[in-house]
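Contents: one structure, followed by commentary.
Quick note on labels: first sequence line is chain A, next is B, and so on, each numbered from 1.
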Amino acid sequence: MADIIQPRLLKGFRDFLPHAEMERAALLEKLTATFRSFGFVPIDTPALEYAEILLGKAGGETEKQVYRFNDNGGRDVALRFDLTVPFARFMAEHYGELYLPFKRYHMAKVWRGENTQRGRYREFMQCDFDIVGVDTAVADFDILATIASAMRALGVQGSKIHVSHRGVFNRFLDRAGIGEKSVETLRIVDKLSKIGAEETRRQLSELVGVGIADEVLEFIRPGDGFSATLDRITRIAGGSNPDSDRLAELFGMADSCGLADSIVLAPSITRGLDYYTGVVFETFLDAVPDIGSVCSGGRYNDLASLYTKQRLPGVGASVGLDRLLAALETTQAGSKPAGYVKFVIVNLDSALAGEYQAAAAEMRAAGIACEVFPETRKLVSQYAYSEQKGASFAVVRGVTEKERGVWILRDLASRSNTEYASLEALISAAASEPRPVGDTTAP
RNA sequence: GUGGAUGUAGCUCAGCGGUAGAGUCCCAGAAUGUGGAUCUGGUUGUCGCGGGUUCGAACCCCGUCAUCCACCCCA
């Protein structure tokens, strides 16, 4: 007798049971529809690439997190840790075959060997969308509008996109004479909402001195409105400049589209990553702000400079699918998604197997998802199965019903039966049934 | 990577040196083809895994794996 191998999973890697995977799939479908409605096209790239390609610009932190090994041919390879670096390689590789501006979306798994936590895993899904080849306010706004649209499509009650501009911040830093400490300053500032104003002030004072720390705090102070805040940071940064103008343009477009309320100018958000050069943004849900940003991104000057001499400016964002799922779970607790199948054809007699299959075929032809229970089992068990599958109805027909010439439609939620003289009558009656599917929340 | 907490039935948890338990769920029957109340009976298990101490370990010790929390960083 062979020893049983203990079934187990690697730290930070997960299985998805049908219920969870159906929720995830539903989310991806909504995002896909949104991206397509804005003109983004899909691409895919390999999970595994030459380590040299993926790690080209990576700093110490990233490098430690990358899954890297030698393949059987001795090649130095690594699993992708985000979708942006492979995208850069992709653009350089296919530059001649593509048109600009290029708008793509890419939803795929990435891997990072970092320590796990709630909502943070070693294998997780990223949903990126970018516009490369242009550096305009229109492109920036397109990304913001896509985010807002996606949030609406996902059924999020309320969300705010916090926007800022790296350029304006850098002007301010240069003016304050701490340009060379920009990276450290940005890192501290980025934590404002987490550690509070006092702690931010203390850390900043340590880095640049009390006077300048106060200036920084004044710069990042939450404002009273987009325009007022923009005026203030522009003044502190030394007056009118193209970056402030870009922000004003963005807000103008948002206002025209009725999105002014969804967008907040938040000078304290700067994004940790240093490759952003223009607007940066993070998206927070009104209901669960403490879960963090569910969609972040920004503008970068040069996407693919490591792989090509072509200059490719771009702007894009990434939806944190797992975090978003966690957030939606807290706001829509207890909701059970409808099953894929609406009908289960109960199997009462193996002599009627052909009839069951014919009925199923007819229903599918009518556009109704259904399945035949695959063995004769007692009714209780078949009803329970049907409910597990999220079906609304069971179709019951045994020898007695056949003799009587009837089809029984059982409403699984109300547990009531209705008889029909023909399958066609049953189908049309069920098709006009207004009751929403999957309503199992009632006590 | 650093520090802390936790792993017992499918689920929620109790037990903390002396025969593994409760609730729930599930199964069977009272109702021989129609699931929800009630009653009766029944099954739940490598006590995360591997060592050690002990007459005896779910319990104490060491290691290990996993989860959660904080730091770090990020999606």
Q: Please work out if A:Q117 contacts a base, only the sugar-phosphate, or nothing of the nucleic acid, heavy-atom cut-off 4.0 Å.
A: base

(Q) Between A:Q65 and B:C74, is there a contact of a side-chain N or O with OP1 or OP2 at under 4.0 Å? (A) no

(Q) Give me the distance, rounded to whole Å, that separates B:C65 from B:G50 when you measure between the C1' atoms they each carry. (A) 10 Å

**Q.** Rounded interatomic separation in angstrom, taking CG from A:L9 and P from B:G48
**A.** 18 Å

(Q) Counting only side-chain heavy atoms from C-beta out, which of B:A66, B:G35, B:U34 sits nearest to A:I408? (A) B:U34

Q: For nucleotides B:A58 and B:G7, find the distance between their P atoms and express it as a whole number of Å.
A: 15 Å

Q: Would you confirm whether the ring centroid of A:F87 sits within less than 6.0 angstrom of the ring centroid of A:H106?
A: no

Q. Side chain of A:S318: nearest nucleotide among B:U34, B:U67, B:A75?
A. B:A75

(Q) Under 4.0 Å, counting only non-hydrogen atoms across every strand here, what does A:E123 touch: a base, just sugar-phosphate, or nothing? (A) nothing

Q) Nearest to the side chain of A:V399 - B:A75, B:G33, B:U67? A) B:G33

Q. Does any nucleotide pair with B:A30 by Watson-Crick or G-U wobble geometry, both distances under 3.5 Å, and what is it?
A. B:U38

Q: With heavy atoms under 4.0 Å as the rule, sort A:L348 into base, sugar-phosphate or nothing.
A: base

Q: Consider only side-chain N and O atoms of A:E371 and A:Y385, and report whether a donor and an acceptor are under 3.5 Å apart.
A: yes

(Q) On RNA chain B, does the nearest nucleotide to A:T400 precede the nearest nucleotide to A:M125 from the 5' side, or the other way round? Give the residue. (A) A:T400

(Q) Let's test this: given Watson-Crick or G-U wobble pairing with both distances under 3.5 Å, identify the partner of B:A22. (A) B:U12

(Q) Please give the distance between the C1' atoms of B:C59 and B:G48 as a whole number of Å. (A) 15 Å

Q) Between B:C72 atom P and A:E114 atom CD, what is the distance in whole Å? A) 13 Å

Q) In whole angstrom, what separates A:R410's CZ from B:G36's C1'? A) 10 Å

Q.
Need one value for A:V396: base, sugar-phosphate or nothing, where a base atom within 4.0 Å counts as base even if backbone is also close, heavy atoms only.
A. base

Q: Any strand is fair game: report the nucleotide pairing with B:U53 by Watson-Crick or G-U wobble, both distances under 3.5 Å, or none.
A: none

(Q) Rounding to an integer number of Å, can you tell me how far A:F129 CZ sits from B:A75 P? (A) 13 Å

Q: Scan side-chain atoms only and decide if A:Y300 and A:D130 contain a donor-acceptor pair under the 3.5 Å cut-off.
A: yes

**Q.** Of the listed nucleotides B:G35, B:A75, B:C68, the one nearest the side chain of A:E387
**A.** B:G35

Q. On the ring face of A:Y356, is A:R397 found with NZ or CZ under 6.0 Å from the centre and within 45° of the axis?
A. no

Q.
Rounding to an integer number of Å, can you tell me how far A:L379 CG sits from B:A31 P?
A. 19 Å

Q) Hey, are A:R120 and A:E114 close enough for a salt bridge, meaning a charged N less than 4.0 Å from a carboxylate O? A) yes

Q. Using purine N1 to pyrimidine N3 plus N6-O4 or O6-N4 for Watson-Crick, or N1-O2 and O6-N3 for G-U wobble, each under 3.5 Å, what pairs with B:U64?
A. B:G48

Q) A:N417 near the nucleic acid: base, sugar-phosphate alone, or nothing, with a heavy-atom cut-off under 4.0 Å? A) base

Q: Select base, sugar-phosphate, or nothing to describe what A:G113 touches, counting heavy atoms under 4.0 Å on all strands.
A: nothing

Q. Between B:G33, B:A66, B:G36, which one does the side chain of A:R415 approach most closely?
A. B:G36

Q: Can you tell me, in whole Å, how much space there is between the P of B:U6 and that of B:G15?
A: 13 Å

Q: Taking atom C1' in both B:A20 and B:U44, compute the distance separating them and give it to the nearest angstrom.
A: 12 Å

Q: Determine the Euclidean distance between corresponding P atoms of B:C61 and B:C16; express it in Å to zero decimal places.
A: 16 Å

Q | Electrostatic pair A:R166:A:D243 at N-O distance under 4.0 angstrom | A | no

(Q) Roughly how many Å apart are B:C69 and B:C11, using the C1' atom of each and rounding to a whole number? (A) 23 Å

Q: Figure out the CG/C1' separation between A:D130 and B:A75, and round it to whole Å.
A: 14 Å

Q: Could you measure between the two P atoms, the one in B:C49 and the one in B:U40, and give it in whole Å?
A: 35 Å

**Q.** Protein-nucleotide distance (A:R122, atom CZ; B:C65, atom P), rounded to Å
**A.** 11 Å

Q: Compare the minimum distances between each of B:C74, B:U67, B:U2 and the side chain of A:R112, then state the nucleotide with the smallest one.
A: B:C74

Q. Hey, is A:D44 close enough to A:R104 for a salt bridge, meaning N to O under 4.0 Å?
A. no

Q. Taking CZ from A:F124 and P from B:A75, how many angstroms apart are they, rounded to a whole number?
A. 8 Å

